[in-house]
S.K.: 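Got a structure for you, written out below as C-alpha cells; questions coming shortly.
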Amino acid sequence: MLFQHVAIAGLAHIDAPRRLSSAEINARLKPTLDRLGIRTDVLGDIAGIHARRLWDGDMLASDAATLAAVKALADAAIEPGRVGLLVNTSVSRDYLEPSTASIVSGNLGLPDTCQNFDVANACLAFINGMDIAARMIERGEIDYALVVDGETADLAYEKTLERMMRADSTEADFKNELATLTLGSGAAAMVMARAELAPGAPRYKGGVTRAATEWNKLCRGNLDGMITDTRMLLIEGIKLAQKTFLVAKQKLGWVAEELDEFVIHQVSKVHTAAFTKAMGIDPRKVLTIFDEHGNIGPASVPIVLSKLREMGRLKKGDRVALLGIGSGLNCSMAEVVW
C-alpha cells in the first residue's frame, strides 16, 4: 500500500552505554577456542563486528523503549495524550504477558483511548509497525502513532557464553550459537502523524513485503540465545531480498542510482557486502554501524535512520530506502521521502 497522508513527526534512538569488544569475548572464550582448534577471529575479521553495546544494570525492554519514546515525543513536540496507537516491536520482552506495549503505555501515561499491542516479526517488526500505523493514519482513524523498540541482549550473552565455555561444547555448538554474539542492545522510537499535522516533516511513502517461510527453521531464538544456520540464512535471505527489490522497483518506482540513502538492517560485514552487491547499491550510500553496535534486531533500521539525521546526511527531498530481512524468512522494503 502507498500512502498520501503519513509523515514522520518525531524520531529518536538510544545507544546502550556499555561497550563489549569482540576481543574481550575472544579472551573469555580462549580455553574453548584453543580446545577446538579455532584460530580465526570470526566475530572481528569475518563478521566485521568489533564491539556491541549492552545496558548497565537490569534494563528491561520496556524501560529502553520508554526512554526512546520520551525522546521521540519531545522531537515531535506533542503530548502523550494525542497518541492514538502504540506499537511495540521489540524481539526482547519483559514477560510472555502482559504485552511489553502495555508496560510502555503505562510508563508514558498514554490515554485509555490509545490502542497498544506488540508486533513480533524478528528483525522486520519495526517496519511492520510503521506500516500498521500508517494504514490507520491514512484511513483517518488516528492522528498520531508511536512505534517503539527496546532490545536487551545482556541475558543472551551471559547464557550463550556459559554454554560455549562448557568443557563438553563442540565445534558444531560453537558454530550454531556464534550469531548470538553478534547481537547488540539499543532502543528507537518514531512518531508518525497525519501529514497535515506535521507540515514539512518527512513523508512515509509505503513499502512492499515478500515471504519465504519455507525457511523458517534457519534461525530460532529464545531470550537466552539462538541457533542459526548463518550460511543458508545469508543465501536464502539474499534470494528473497532480490525478489522483494524487484517488486519495490515496480511498485515504488525504485532505481538504485536515484535513491539517496539505503538504511539496511545491520547484521554483519558479510551480509552487508552481499546485500549491496546483489541489489546494485553504492556502498557509499549505506551508513554501517554493525562494526561498533552489532545486530540490534528490529531497532537497527530506525537507529540508523536517526543517526543519519543526527549526522546531517539527510536533506529535504532525499529518497531514503528502508531495507530489512528477518528470520522466518520475511523481507520488507519501504521508502521515506525526507
Side-chain angles (χ1 to χ4, degrees), residues 1-14 62 64-90 98-121 124-150 187-209 252 263 298-299 301-303 305-306 308-309 314 316-320 322 332 334-338:
M1 185 172 178
L2 300 181
F3 304 105
Q4 303 295 323
H5 306 288
V6 182
I8 297 175
L11 180 64
H13 72 276
I14 304 284
S62 61
T66 300
L67 290 173
V70 169
K71 284 188 67 176
L73 288 168
D75 187 51
I78 69 163
E79 296 297 322
R82 302 184 70 182
V83 177
L85 172 71
L86 169 69
V87 185
N88 172 68
T89 64
S90 311
S99 70
T100 304
S102 69
I103 301 172
V104 176
S105 178
N107 290 345
L108 296 171
L110 299 185
D112 60 4
T113 53
C114 179
Q115 293 186 59
N116 63 88
F117 49 79
D118 291 348
V119 168
N121 194 18
L124 282 189
F126 199 97
I127 297 177
N128 294 152
M130 291 174 63
D131 188 66
I132 292 167
R135 289 169 187 265
M136 292 180 66
I137 291 169
E138 186 80 5
R139 286 168 55 88
E141 297 177 20
I142 56 174
D143 290 337
Y144 293 96
L146 181 58
V147 184
V148 302
D149 192 287
M190 177 183 291
V191 177
M192 304 181 75
R194 282 192 10 238
E196 56 266 35
L197 297 176
R203 294 292 188 94
Y204 180 57
K205 184 175 179 179
V208 298
T209 299
L252 300 173
V263 178
V301 165
I303 285 176
L305 185 64
S306 181
L308 279 170
R309 185 183 69 164
L314 299 177
K316 183 71 173 176
D318 277 357
R319 296 177 66 194
V320 183
L322 312 182
S332 289
E335 181 176 338
V336 173
V337 180
W338 208 259

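Sequence positions, counted from 1, serve as the residue numbers for this chain. These numbers come from the heavy atoms of this one structure, side chains and all, not from hydrogens, waters or symmetry mates.
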S.K.: Closest approach of G129 and V87, non-hydrogen atoms and distance?
M.R.: CA-CG1, 4.1 Å

S.K.: Taking atom CG of N116 and atom CD1 of I103, what is their separation to the nearest 0.5 Å?
M.R.: 10.5 Å

S.K.: Check step by step if side-chain contact (heavy atoms from CB on, under 4.5 Å) holds for D75 and R309.
M.R.: CA-CA 12 Å; D75 187 51; R309 185 183 69 164; 2.9 Å; yes

S.K.: Looking at CG of L124 and OG of S332, how far apart are the two atoms once the value is rounded to the nearest 0.5 Å?
M.R.: 4.5 Å

S.K.: Drop me the distance from Y204's OH to M130's CE, to the nearest 0.5 angstrom.
M.R.: 5.0 Å

S.K.: How long is the gap from OG on S105 to CG on D112, to the nearest 0.5 Å?
M.R.: 9.5 Å

S.K.: How close do A72 and V191 get, counting heavy atoms only, and between which atoms?
M.R.: O-CG2, 3.7 Å

S.K.: At their closest point, which heavy atom of A198 faces which heavy atom of A9, and how far apart are they?
M.R.: CB-CB, 4.0 Å

S.K.: Identify the heavy atoms of M190 and I8 that sit nearest to each other, and give their distance.
M.R.: CG-CG2, 3.8 Å

S.K.: Among all residues two or more places apart in sequence or in another chain, which pass the side-chain hydrogen bond (donor to acceptor under 3.5 Å, both in side chains) test with E335?
M.R.: W254, R319

S.K.: Looking at V148 and A189, what are the two nearest heavy atoms and their distance?
M.R.: CG1-CB, 4.0 Å

S.K.: Between D118 (side chain only) and A101 (backbone N and O only), is there a donor and an acceptor less than 3.5 Å apart?
M.R.: yes

S.K.: Backbone N or O of V337 within a donor-acceptor pair of the K205 side chain at under 3.5 Å?
M.R.: no

S.K.: Say whether, by atom type as modelled, one donor and one acceptor occur between the side chain of S90 and the main chain of D149 under 3.5 angstrom.
M.R.: no

S.K.: Do the side chains of I78 and L197 get nearer than 4.5 Å, heavy atoms only?
M.R.: no

S.K.: Determine whether S99 and N88 make a side-chain contact, defined as any pair of heavy atoms from C-beta on separated by less than 4.5 Å.
M.R.: no

S.K.: Please lay out, stage by stage, how L85 and F117 fare under the test side-chain contact (heavy atoms from CB on, under 4.5 Å).
M.R.: CA-CA 9 Å; L85 172 71; F117 49 79; 3.5 Å; yes

S.K.: Ignoring hydrogens, what is the shortest heavy-atom contact between T66 and N107? Give both atom names and the distance.
M.R.: OG1-ND2, 3.0 Å

S.K.: Which distance, rounded to the nearest 0.5 Å, do you find between the CG of N121 and the OG1 of T89?
M.R.: 10.5 Å

S.K.: Could you check if a side-chain atom of L322 sits within less than 4.5 angstrom of a side-chain atom of V336, using non-hydrogen atoms only?
M.R.: yes

S.K.: Apply side-chain contact (heavy atoms from CB on, under 4.5 Å) to V83 and L73, showing your working.
M.R.: CA-CA 9 Å; V83 177; L73 288 168; 3.9 Å; yes

S.K.: Of all residues at least two apart in sequence or in a different chain, which pass the side-chain hydrogen bond (donor to acceptor under 3.5 Å, both in side chains) check with T100?
M.R.: none

S.K.: Does CD belonging to E79 count more than 12 external heavy atoms closer than 6.0 Å?
M.R.: no

S.K.: Partners of R194 by salt bridge (Lys or Arg N to Asp or Glu O under 4.0 Å), sequence neighbours excluded?
M.R.: D143, E196

S.K.: When rounded to the nearest 0.5 angstrom, what is the spacing between OH in Y144 and CD1 in I137?
M.R.: 9.5 Å

S.K.: Show your reasoning for whether salt bridge (charged side-chain N to carboxylate O under 4.0 Å, His left out) applies to R135 and D131.
M.R.: CA-CA 6 Å; R135 289 169 187 265; D131 188 66; 2.8 Å; yes

S.K.: Taking the side chain from Q115 and the backbone from G84, do they hold a donor-acceptor pair closer than 3.5 Å?
M.R.: no

S.K.: Go through the steps for W338 and L308 under the test side-chain contact (heavy atoms from CB on, under 4.5 Å), then give the verdict.
M.R.: CA-CA 11 Å; W338 208 259; L308 279 170; over 6 Å; no

